[in-house]
**Q** 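Right, I'll just put the structure down here and ask away after.
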Amino acid sequence: MANGQWYPPEWPDRIRALTEGRLTPVTPKRAATVMLLKDTDGTPAVHMLRRRASMAFAGGAYAYPGGGVDPRDDERQIRWTGPTRAWWASRLGVDETSAQAIVCAAVRETYEEAGVLLAGPTPDSVVGDTTGDDWEADREALVARDVSFAEFLERRGLVLRSDLLGAWTRWITPEFEPRRYDTWFFVAALPEGQRTRNASTEADSTVWIRPGEAADAYDKGDLLMMPPTIATLRQLRSYATAAEALAAAPGRDLTPVLAQARLENGELVLSWPGHDEFTKHIPTGGAPA
C-alpha cells in the first residue's frame, strides 16, 4: 500500500457485479459528520477518532465524529438559532424537515462521540463542561436512541446553535457498497469551556492533529483513511484558523461526490470525480493498482 487509502478486498468483485448488472445499488441513508477544529500555532488542529480494528467497516481507519440521521428529528420543531431551516434546506439541497434532521445529526453525533455540544440555554450562548454524571446519562440515552435529540434539547431547555456549523462537502458511498450513506461534512470550532474525549464505542483512540500532519502520515501509509477523510484534510490545510475555515464554508460546492466504476481496456476503473488521487485500476482477476 503506497499510502493509507482504505480499500476493502471485496471491492473488485462487487465492482464487477455492478458493471455487469448483477448488483442492485441500495438506497443511501442520510448521515452527517463534523470536522471539529481548535486553533494552534499557525493552523487549526482537527479532532479525529480511530475506528476499532474489529469494526467490519473501515476498521483501523481515522475519521471524524459522525453517524446516521435519526428520522425522529424530522418530525419535531426544536429551539433553533442561526440560519433558518429554509436557508439550510437550500444550502444542503433538501427540504426543510430533512435539513433540520441533518443539522441535528451533526450536532448530536459530535456530542455522542466527542462529548462536545453545540447548543446553549440562549441563542447566543453555549453550554460549558459536559463531563458530569447527569450529562453522561443523557449522552448514553441518546446513543441508545432512548430519546431523540429534539427531546433531549427540550428537556434541557437548550437552543441548537446552527450558526456554529458550516457545511463543507457532501460524499455518497459508492453504489457497489452494501451499506451506503449520503453524508454531509460540516466544520465547527471547539466551543470555549468544552473539551473532547473518546466517548464513542466504535473508536479505540482519538487525537487532535493538524490537517497537514495527518495528510503527510496518510501519504507515508502510517494513517489509514477513507477518500472523503483525506480529501477534506487536504482542503483544510490552507486555513490559518478555525474561524477562517468556518467563514469559507458557505462558498463551498456541495455537489455530491460519488465514485464511478467502469470497464476500460480490460480493466475495471474506480474513480471519484474531482479527486484523481483515489483512482484505482483493477485488472481482471487482479488486485487494485
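Everything numeric in this text was worked out from a predicted model, so none of it was measured. Just the heavy atoms: all of them, side chains too, but no hydrogens, waters or symmetry mates, feed the values below.
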**Q** How would you list, by chain and number, every residue that makes a side-chain hydrogen bond (donor to acceptor under 3.5 Å, both in side chains) with Thr241, sequence neighbours excluded?
**A** none
**Q** To the nearest 0.5 Å, how far apart are CD1 in Ile172 and CD in Glu177?
**A** 13.5 Å
**Q** Return the OG1 to CG distance between Thr169 and Leu254, rounded to the nearest 0.5 Å.
**A** 6.5 Å
**Q** Fit a plane to each ring of Phe186 and Trp88, take the angle between them on a 0 to 90° scale, and name the class: parallel (under 30°), tilted (30 to 60°) or perpendicular (over 60°).
**A** tilted
**Q** Test side chain to side chain contact (heavy atoms under 4.5 Å, CB included) on Tyr239 and Leu37; report intermediate values, then the result.
**A** CA-CA 11 Å; Tyr239 299 97; Leu37 306 174; over 6 Å; no
**Q** With Arg155, which residues qualify under salt bridge (Lys or Arg N to Asp or Glu O under 4.0 Å), at least two apart?
**A** Asp138
**Q** Test side chain to side chain contact (heavy atoms under 4.5 Å, CB included) on Glu264 and Glu267; report intermediate values, then the result.
**A** CA-CA 5 Å; Glu264 186 176 285; Glu267 290 184 323; 5.6 Å; no
**Q** Salt bridge (Lys or Arg N to Asp or Glu O under 4.0 Å) with Asp13: which residues, sequence neighbours excluded?
**A** Arg16
**Q** For Arg91, what residues pass the salt bridge (Lys or Arg N to Asp or Glu O under 4.0 Å) criterion, not counting sequence neighbours?
**A** none
**Q** Just to verify, what does Asp41 make a side-chain hydrogen bond (donor to acceptor under 3.5 Å, both in side chains) with, not counting sequence neighbours?
**A** none
**Q** Using a strict cut-off of less than 4.0 Å between a Lys/Arg side-chain nitrogen and an Asp/Glu carboxylate oxygen, indicate whether Arg145 and Glu112 qualify as a salt bridge.
**A** yes
**Q** Within this structure, what is the CG-CZ distance for the pair Leu142 and Phe152, rounded to the nearest 0.5 Å?
**A** 5.5 Å
**Q** Can you run down the ring-ring contact (aromatic ring centres under 6.0 Å, His included) pairs that involve residues 9-32, sequence neighbours left out, and say none if there aren't any?
**A** Trp6-Trp11, Tyr7-Trp11, Trp11-Phe176
**Q** Suppose the criterion is salt bridge (charged side-chain N to carboxylate O under 4.0 Å, His left out): which pairs have a residue in residues 161-171, not counting sequence neighbours?
**A** Arg161-Asp163, Arg170-Asp182
**Q** Between Glu175 and Arg14, does at least one N-O distance fall below 4.0 Å, as a salt bridge requires?
**A** no
**Q** Can you list every side-chain hydrogen bond (donor to acceptor under 3.5 Å, both in side chains) pair that touches residues 24-36, not counting sequence neighbours?
**A** Arg30-Asp74, Arg30-Ser98
**Q** Can you name the side-chain hydrogen bond (donor to acceptor under 3.5 Å, both in side chains) partners of Asp276, sequence neighbours left out?
**A** none
**Q** Are any side-chain N or O atoms of Trp272 and backbone N or O atoms of Gln260, one a donor and one an acceptor, separated by less than 3.5 Å?
**A** no
**Q** Partners of Thr40 by side-chain hydrogen bond (donor to acceptor under 3.5 Å, both in side chains), sequence neighbours excluded?
**A** Arg210
**Q** How long is the straight-line distance from CD of Glu109 back to SG of Cys104, given to the nearest 0.5 Å?
**A** 11.5 Å
**Q** Donor-acceptor pair, distance only, cut-off 3.5 Å: does the side chain of Gln100 make one with the backbone of Thr97?
**A** no
**Q** Of all residues at least two apart in sequence or in a different chain, which pass the salt bridge (Lys or Arg N to Asp or Glu O under 4.0 Å) check with Arg22?
**A** Glu20
**Q** Salt bridge between Arg156 and Asp134, side-chain N to carboxylate O under 4.0 Å?
**A** yes
**Q** Please list all pairs meeting side-chain hydrogen bond (donor to acceptor under 3.5 Å, both in side chains) that have one or both residues in residues 228-237, counting only residues at least two apart or in different chains.
**A** Tyr64-Thr232, Trp168-Gln235, Asp219-Arg234, Arg234-Glu277, Gln235-Arg252
**Q** Please confirm whether the backbone N or O of Gly66 pairs with a side-chain atom of Glu113, one donor and one acceptor, at under 3.5 Å?
**A** yes
**Q** Nearest 0.5 Å, what's the CD1-CG distance between Ile15 and Leu18?
**A** 8.0 Å
**Q** With rounding to the nearest 0.5 Å, note down the distance linking OG1 in Thr173 to CE in Met226.
**A** 8.5 Å
**Q** Has Arg72 got a side-chain atom pairing as donor or acceptor with Val147's backbone, closer than 3.5 angstrom?
**A** yes
**Q** Would the distance check show the side chain of Arg180 and the main-chain N or O of Pro25 forming a donor-acceptor pair, the cut-off being under 3.5 Å?
**A** no
**Q** Taking the inter-plane angle between the rings of Trp171 and His275 on a 0 to 90° scale, is it parallel (under 30°), tilted (30 to 60°) or perpendicular (over 60°)?
**A** tilted
**Q** Check whether the ring centres of Phe149 and Tyr111 lie less than 6.0 Å apart, and answer yes or no.
**A** no
**Q** Taking all heavy atoms of Ala119 and all of Leu153, pick out the closest pair and write down the distance.
**A** CB-CD2, 4.1 Å
